[in-house]
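In what follows, a single structure is set out as structure tokens and then discussed.
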Amino acid sequence: STRGGPTFPRRAPSKQKADNNHIRAEMVVSALPSAVMRAVASPVAHRDRRVRRPARKTIRCDASGEASSGAARASPGLRGRRELLVSVAVVAVAAVSPAYANASLAEPTLAEVTPVIASSSSALTSLEQSTVALFDKSTRSVVNVVDLTVLSGQAMKSGAVVPEGNGTGVVWDSQGHVVTNYHVLGAILSVTPETRRKNLECAKVTLQGADGLTRTFSATLVGVEKSKDLAVLKVNAPSEFLKPALVGDSNDVKVGQAVFAIGNPFGFDHTLTTGVVSGLNRTIYSQAGSLIAGGIQTDAAINPGNSGGALLDINGRLVGINTAIFTNTGSSAGVGFAIPIDLVKRVVPQLIEFGVVTLPGLNIVVADPNVSKTLGVRSRGVLVQSIPSKSAAEKAGLLPTRRGLGGIVAGGGFFGGGGAP
């Protein structure tokens with residue numbers, strides 16, 4: 001640069017030298033094909049001229065006096081020219097090779113080796129996004145329930161049958177009531193008399209907080225109904241750990257609609273499986289040994305550990321409590337069953353208030369049909385064998401079968417479908 005004039009940036013010497021070598025290499029490589037082609041084509045053209053115009057032979061004598069042909073002397077010249085061009089080509093290739101070798105050994109830049117990362121903004125479909133939102137909204141309402149005897153190993157010492165012991169529950173309300181299956185607590189209930197079950201510390205319940213962290217609390221027994229395979233526990237947990245489930249209606253469930261099961265199969269907490277409603281009004285043979293009418297059948301995977309968990313509809317509403325599977329292997333075979341939530345809504349409030357369930361009925365003891373035949377009772381109704389004192393049946397005026405002076409008196413002890421005795 002000159003004083004007062006513009007200043008231009010200068011490249012580093014090593015960089016400029018490499019660029020110059022690269023330019024020279026390109027010039028040599030571009031000129032090399034034409035030179036080689038001329039070298040190859042020259043003998044052909046020379047032979048063509050010889051064919052078109054016969055060479056004039058001149059006889060000359062050399063110093064030795066021997067005659068020699070001019071055409072014969074041309075051949076060594078052509079060979080020399082070809083050899084010269086080949087030598088030039090070899091030298092050019094040798095000169096170019098280091099430049100290209102240096103270029104091939106150059107390290108790639110970071111931009112050249114960085115892979116293109118696909119955008120994740122549209123990675124999920126609308127269906128997937130709705131499923132993820134459903135799980136995020138509902139998963140904290142599902143808890144892990146572990147029978148204390150299974151946890152401590154006492155069930156094995158006592159010889160009690162442990163159907164499952166490690167199951168699932170659903171947060172019912174903000175007071176800390178948790179609904180689960182009776183058979184999940186079957187081990188401790190089988191070794192505890194009914195008179196000692198009130199406020200019995202029977203399980204450990206693990207809940208998830210709003211921050212995603214889990215915490216385990218002791219749970220006491222509130223009440224059970226074995227015939228419906230239901231039990232209610234109570235945990236004294238902070239309010240931030242209690243997120244009640246959104247309770248729906250099973251009466252609106254249709255075959256073919258999508259359902260989602262959340263539970264703890266084989267101890268894997270907060271597992272989501274999906275499926276459809278495969279059937280309605282199924283009779284469930286529960287692990288508690290009872291028959292439950294009106295069950296919901298689903299092909300959503302239900303495995304040991306899912307018992308007591310939530311069966312949800314597409315809006316995250318609780319439509320059933322998962323309770324049983326039909327299988328020959330102990331694992332899901334695509335046939336699972338849930339207790340309809342309408343039945344749960346009738347049972348759970350009574351368990352919370354009274355600890356037991358008062359089921360509707362006549363509160364009578366019906367005699368065996370063979371007794372009716374023996375007594376000669378011919379009726380479309382049933383023979384009342386006995387009535388508890390102060391019961392609704394006694395207040396209604398029903399009379400039990402009794403022995404009179406003339407024998408067995410059945411009058412008034414049976415009634416027909418129309419209500420007449």
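Note that the numbering runs from 1 along the sequence shown for the chain. Atoms considered below: every heavy atom in the structure, side chains included; atoms not considered: hydrogens, waters and symmetry mates. Just so it is clear, the model here is predicted, and its values are computed rather than measured.
V178 is listed as a side-chain neighbour of V143, based on a closest heavy-atom distance under 4.5 Å. For the pair V247/W172, a side-chain contact is recorded, criterion being any heavy-atom separation below 4.5 Å from C-beta on. Taking 4.5 Å as the limit, some side-chain heavy atom of V171 sits within range of a side-chain heavy atom of L207. L343 has its side chain out of reach of I321: every pair of non-hydrogen atoms, C-beta onward, lies at least 4.5 Å apart. In this structure the side chain of L280 reaches within 4.5 angstrom of the side chain of V253, judged on heavy atoms. Counting heavy atoms from C-beta outward, L221 and L233 have side chains that approach closer than 4.5 Å. Counting heavy atoms from C-beta outward, Q287 and T323 have side chains that stay 4.5 Å or more apart.
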TODO: Check the pair V357 / L351 against side-chain contact (heavy atoms from CB on, under 4.5 Å), numbers first and verdict last.
DONE: CA-CA 6 Å; V357 176; L351 291 178; 3.5 Å; yes

Query raised in the report: Does the pair D249 and R317 meet the rule for a salt bridge (charged side-chain N to carboxylate O under 4.0 Å, His left out), with working shown?
Result: CA-CA 8 Å; D249 295 311; R317 296 177 299 186; over 6 Å; no

- List the steps, then state whether side-chain contact (heavy atoms from CB on, under 4.5 Å) holds for Q129 with V132. CA-CA 5 Å; Q129 291 175 0; V132 171; 5.7 Å; no

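Closest approach of S290 to K228, counting heavy atoms only: OG-N, 4.3 Å. The two atoms that bring V145 and A203 nearest to each other are CG1-CB, 4.0 Å, heavy atoms only. Smallest separation of non-hydrogen atoms from V235 and A219: CG1-CB, 3.6 Å. Residues S250 and P340 come closest through the heavy atom pair OG-CB, 3.5 Å. Taking every heavy atom of both residues into account, Q175 and L242 meet most closely at C-CD1, 4.5 Å. Nearest heavy atoms, R197 versus P193: CG-O, 3.2 Å.
A donor-acceptor pair shorter than 3.5 Å cannot be found between the side chains of N199 and T220. For the residue pair N166/N144, the side-chain donor-acceptor check at 3.5 Å is satisfied.
Once rounded to the nearest 0.5 Å, the distance linking CD1 of I188 with CG of L148 reads 5.0 Å.
With sequence neighbours left out, F241 forms a ring-ring contact (aromatic ring centres under 6.0 Å, His included) with F217.
Every pair passing side chain to side chain donor-acceptor pair (under 3.5 Å) that includes a residue from residues 266-280 is listed here, sequence neighbours excluded: T139-H270.
Just one residue in the list L246, V170, V142 forms a side-chain contact (heavy atoms from CB on, under 4.5 Å) with L318, and that residue is V170.
Heavy-atom neighbours of K198 NZ from other residues, nucleotides or ligands within 6.0 Å: at or below the threshold of 12.
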